Amino acid sequence: MVLSGITILHSSNFQNGLKFWKNAAENSPHSALAHSYFGDMYFLSGKLQDAQSEYQKALAINKAELPVHNNLAIVYINMGKLKEAEAEFKEEIRLHPDYKEASLNLDRLYSLQGDKN
């Protein structure tokens with residue numbers, strides 16, 4: 001009966017991804033993964049500043065958390081910060097050369113800019 005009560009109280013954290021990852025980040029403040037996924041949920045909700053903040057928190061904990069630099073770069077593109085996006089894609093590629101998504105995204109960025117550096 002006690003466990004049922006705890007389950008019911010805790011079930012509100014599973015209403016949606018944003019609530020779930022907010023709870024995870026708050027209860028695991030030293031988890032880069034939790035902040036990364038919380039950033040993803042903010043991004044999907046169109047809250048770019050909040051997504052940026054969560055990705056930066058994740059990187060402060062673990063500068064090599066995959067694929068946070070890539071995801072932060074995508075946020076920067078959506079904010080019109082193309083130089084910052086380029087730097088983040090390049091950092092992701094430096095840290096994780098086998099993560100092809102970052103290379104593809106960097107190529108897309110150059111295509112957007114009309115510059116194939």
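None of these values were measured; they are calculated from a predicted model. We use all heavy atoms of the structure for the numbers below, so side chains are in, but hydrogens, waters and symmetry mates are not.
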What ring pair (Phe, Tyr, Trp, His ring centres under 6.0 Å) pairs are there with at least one residue in residues 37-67, not counting sequence neighbours?
-> Trp21-Tyr37, Phe38-Tyr42
Pairing residues for Arg108 by the side-chain contact (heavy atoms from CB on, under 4.5 Å) criterion, not counting sequence neighbours = Glu101, Leu104, Asn105
Spell out, as yes or no, whether a donor-acceptor pair under 3.5 Å connects the side chain of His69 to the backbone of Lys63.
-> yes
Nearest heavy atoms of Leu95 and Ala64, plus distance in Å = CD1-CA, 3.9 Å
What residues, two or more places apart in sequence or in another chain, satisfy salt bridge (Lys or Arg N to Asp or Glu O under 4.0 Å) together with Glu84?
-> none
Are Leu82 and Tyr110 connected in the hydrophobic side-chain network, where two residues link if heavy atoms are under 4.5 Å apart?
-> yes
Could you tell me which residues satisfy side-chain contact (heavy atoms from CB on, under 4.5 Å) with Gln56, sequence neighbours excluded, listed by chain and number?
-> Gln52, Leu72, Tyr76
Should we say atom NZ of Lys22 is surrounded by more than 12 heavy atoms from elsewhere, each under 6.0 Å from it?
-> no
For side chain to side chain contact (heavy atoms under 4.5 Å, CB included), just list the numbers for His35 and Ile61, CA-CA rounded to whole Å, side-chain angles, deciding distance to a tenth of an Å, and then say yes or no.
-> CA-CA 9 Å; His35 287 286; Ile61 296 165; 3.6 Å; yes
Across all chains, not counting sequence neighbours, the salt bridge (Lys or Arg N to Asp or Glu O under 4.0 Å) partners of Glu65 are none
Side chain to side chain contact (heavy atoms under 4.5 Å, CB included) between Tyr99 and Ile93, worked out = CA-CA 7 Å; Tyr99 182 65; Ile93 293 164; over 6 Å; no
Test Met79 against Gln49 for side chain to side chain contact (heavy atoms under 4.5 Å, CB included), laying out the working first.
-> CA-CA 9 Å; Met79 296 172 111; Gln49 293 287 348; 3.1 Å; yes
For the side chain of Asn78 and the backbone of Ile74, is there at least one donor-acceptor N/O pair under 3.5 Å apart?
-> yes
Salt-bridge test for Glu91 and Arg94: reply yes if a basic N is under 4.0 Å from a carboxylate O, no otherwise.
-> yes
Which residues satisfy the salt bridge (Lys or Arg N to Asp or Glu O under 4.0 Å) test with Glu54, sequence neighbours excluded?
-> Lys57
Mark yes or no for whether Ser31, through its side chain, and Ala34, through its backbone, hold a donor-acceptor pair below 3.5 Å.
-> yes
